[in-house]
Peer 1: 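Structure provided below as structure tokens; questions to follow.
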2 protein chains.
Amino acid sequence: MDAATHLFGDKGYRATTMRDIASEVGVLAGSLYAHIDSKESLLLEIVTDAFDPFTRLADYLEHASEPPEVRLRTAIEEHVRAVADSRERTLVVLHQWRYLTGAQYTRIVAMRRRYEDAFSATLEEGVASGIFGPLDVRIATFTILGVLNWVPEWFSSKGPQTVDEVAHGLADTLLLGLLRR
Amino acid sequence: MDAATHLFGDKGYRATTMRDIASEVGVLAGSLYAHIDSKESLLLEIVTDAFDPFTRLADYLEHASEPPEVRLRTAIEEHVRAVADSRERTLVVLHQWRYLTGAQYTRIVAMRRRYEDAFSATLEEGVASGIFGPLDVRIATFTILGVLNWVPEWFSSKGPQTVDEVAHGLADTLLLGLLRR
DNA sequence: CCTACCGATCGGTAGG
DNA sequence: CCTACCGATCGGTAGG
């Protein structure tokens, strides 16, 4: 699982062969099939597991009692922490889920959609209460998701900023904007 | 080129076969090699062409005489228009360039880096002049790029908003923030 | 542009 | 977990 996560995230699902995975584990390709059913089932397991922290964040956005701006800031920061926890796992869940087929594909699409909707609902609430500026909720949702989904492409635990600095910095930039207040 | 752009953007470079491309063009796979040297040379040509509008935007950010907040807003809006002009071309340049090898890979990495640096330099200038709030330039740069690089994943010309509405909406959200001013 | 094909490599399996 | 292998498919080529 770890070897596959690393390779799928780094090279992509289609560019990773079972022989690549086996070589990283230290066995031959055929031996892997004593533990898994197929290459696709391996991808499914990784994507499903990797989605877990984000599903819990959607729950939080939908059910927590804090005001919308607090829930939004918390979710943004927690999302960053989840990415930092495993960059490669997040890269797989972001880009490789397309290679799932049939019902598994449909299920992941629904999970992604639900995550988006949790942000939209929170924004909607904050616009209604007047804490968020007049804004197009659809566009604002994709603004937030764009920022969050780009994090695994550039964040490194060896980078100049700590996870918390990045989490706060991104939340601040999104909530306050680039122009001076 | 068009068929390959569509397929590379949609399914990914590694999941697209020369037979897929040939079938969309209406010939057999072998016939393509009268026009191209290799699958990778096809990817290189698409990625290089697709980078062109963004290289011109980097030039603009670096050399235009307008104040930084105007250059930033213009670049954001023009970037959105370039994406809208061809979603699939942008998807290829965003995700498939990794499958280039050797000097071609290195060249694309440099072009991406230069685009990032143009935004960073503009932000730096605006922070120095006081028009942008106190912010971490590195984090703010990735905030902007994250928003822009997510656009091809969700924008559709058949969506509820026009290109201009999206371009203005994203620029507003980034510059002014989500919280009411 | 097609016919006919190539060597390599793929995901996966049978049997031990 | 390895040996030994499979059918399918890949990018690409020679010759017409």
Side-chain angles (χ1 to χ4, degrees), chain A residues 1-50 88-89 91-108, chain B residues 1-50 88-89 91-108:
Chain A
M1 289 274 296
D2 286 350
T5 302
H6 166 249
L7 288 162
F8 289 169
D10 196 47
K11 309 172 43 162
Y13 177 72
R14 294 300 292 255
T16 299
T17 69
M18 295 308 288
R19 284 157 178 85
D20 290 334
I21 298 170
S23 150
E24 197 157 301
V25 175
V27 298
L28 293 182
S31 307
L32 296 172
Y33 289 88
H35 306 279
I36 62 162
D37 287 337
S38 66
K39 191 187 180 187
E40 188 175 345
S41 74
L42 192 53
L43 176 61
L44 177 66
E45 200 170 332
I46 293 169
V47 170
T48 307
D49 283 7
E88 274 153 349
R89 199 182 52 197
L91 281 173
V92 177
V93 85
L94 259 177
H95 298 301
Q96 306 305 319
W97 61 274
R98 301 167 193 272
Y99 299 108
L100 293 170
T101 57
Q104 306 174 341
Y105 177 92
T106 310
R107 208 174 121 254
I108 300 296
Chain B
M1 289 273 297
D2 286 350
T5 302
H6 166 249
L7 288 162
F8 289 170
D10 196 45
K11 309 172 42 161
Y13 177 72
R14 294 299 294 257
T16 300
T17 69
M18 296 307 289
R19 283 157 179 86
D20 290 334
I21 299 170
S23 150
E24 196 156 302
V25 175
V27 300
L28 292 182
S31 307
L32 295 172
Y33 289 87
H35 306 279
I36 62 162
D37 287 336
S38 66
K39 190 186 179 187
E40 188 174 347
S41 73
L42 192 54
L43 176 61
L44 176 66
E45 200 170 331
I46 293 169
V47 170
T48 306
D49 283 8
E88 273 153 349
R89 198 181 54 196
L91 282 173
V92 177
V93 85
L94 259 177
H95 298 301
Q96 306 306 318
W97 61 273
R98 299 168 194 272
Y99 299 108
L100 293 170
T101 57
Q104 306 173 343
Y105 177 91
T106 310
R107 208 172 121 256
I108 300 298

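Lettering of chains follows the sequences in order, A, B, ..., and the numbering in each one begins at 1.
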Peer 1: For the atom pair NE2 (B:H6) and CG (B:L91), what is the distance rounded to the nearest 0.5 Å?
Peer 2: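 Interatomic distance, B:H6 NE2 to B:L91 CG, rounded to 0.5 Å: 10.5 Å.
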Peer 1: Do B:Q96 and B:I46 make a side-chain contact, defined as non-hydrogen atoms from C-beta onward lying under 4.5 Å apart?
Peer 2: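 Side-chain contact under 4.5 Å: no.
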Peer 1: Return yes if some donor-acceptor pair links the side-chain N/O of B:Q104 with the main-chain N/O of B:L44 below 3.5 Å, else return no.
Peer 2: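 Pair absent, no side-chain N/O of B:Q104 close to backbone of B:L44.
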Peer 1: Looking at C:dC10, C:dG12, D:dG12, which one has an atom nearest to any side-chain atom of A:K39?
Peer 2: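 Of the options given, the side chain of A:K39 lies nearest C:dG12.
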Peer 1: Once you round it to whole Å, what is the distance between C1' of D:dG11 and CG of B:D37?
Peer 2: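 Between C1' of D:dG11 and CG of B:D37: 13 Å.
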Peer 1: Starting at CZ of B:R14 and ending at C1' of D:dT9, how long is that distance when rounded to a whole Å?
Peer 2: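 It works out to 13 Å between those atoms.
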Peer 1: Quick test: give all pairs of protein nitrogen or oxygen and nucleotides 1-5 of chain C nitrogen or oxygen below 3.5 Å, distance rounded to 0.1 Å.
Peer 2:
from, atom 1, to, atom 2, distance (Å)
C:dC1, OP2, B:H35, NE2, 3.0
C:dC2, OP2, B:L28, N, 2.8
C:dC2, OP2, B:S31, OG, 3.0

Peer 1: Nearest whole Å is fine: how far is D:dG11 P from B:D20 CG?
Peer 2: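 Spelled out: CG on B:D20 to P on D:dG11 is 8 Å.
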Peer 1: Any non-hydrogen side-chain atom of A:V27 less than 4.5 Å from a side-chain atom of A:H35?
Peer 2: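 The answer is no, as the side chains (C-beta and beyond) never meet within the 4.5 Å cut-off.
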Peer 1: Can you spot which of A:T48, A:V47, A:I108, A:T5 makes a side-chain contact (heavy atoms from CB on, under 4.5 Å) with A:V93?
Peer 2: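 Among A:T48, A:V47, A:I108, A:T5, the one meeting side-chain contact (heavy atoms from CB on, under 4.5 Å) with A:V93 is A:V47.
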Peer 1: Under 30°, 30 to 60°, or over 60°: which ring-plane class applies to B:F8 and B:Y13, parallel, tilted or perpendicular?
Peer 2: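 Ring orientation, 0 to 90° scale: perpendicular.
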Peer 1: What's B:S41 touching, base or sugar-phosphate or nothing? Going by heavy atoms closer than 4.0 Å.
Peer 2: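 Counting heavy atoms under 4.0 Å across all strands, no contact is made by B:S41.
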Peer 1: Between D:dG11 atom P and B:F8 atom CZ, what is the distance in whole Å?
Peer 2: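 To the nearest whole Å, that distance equals 9 Å.
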Peer 1: D:dT9 C1' sits how many Å from A:M18 CE, rounded?
Peer 2: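 It is 18 Å, rounded to the nearest whole Å.
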Peer 1: Please state how far atom OH in A:Y13 lies from atom P in C:dC10, giving the value in whole angstrom units.
Peer 2: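 Going from A:Y13 (OH) to C:dC10 (P), I get 14 Å.
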Peer 1: At less than 4.0 Å, is any side-chain N or O atom of A:Y33 found next to OP1 or OP2 of C:dG12? Yes or no.
Peer 2: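 Checking A:Y33 against C:dG12: at least one side-chain N or O falls below 4.0 Å of OP1 or OP2.
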Peer 1: For C:dG15, what is the paired nucleotide under Watson-Crick or G-U wobble rules, both distances under 3.5 Å?
Peer 2: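 C:dG15 is paired with D:dC2.
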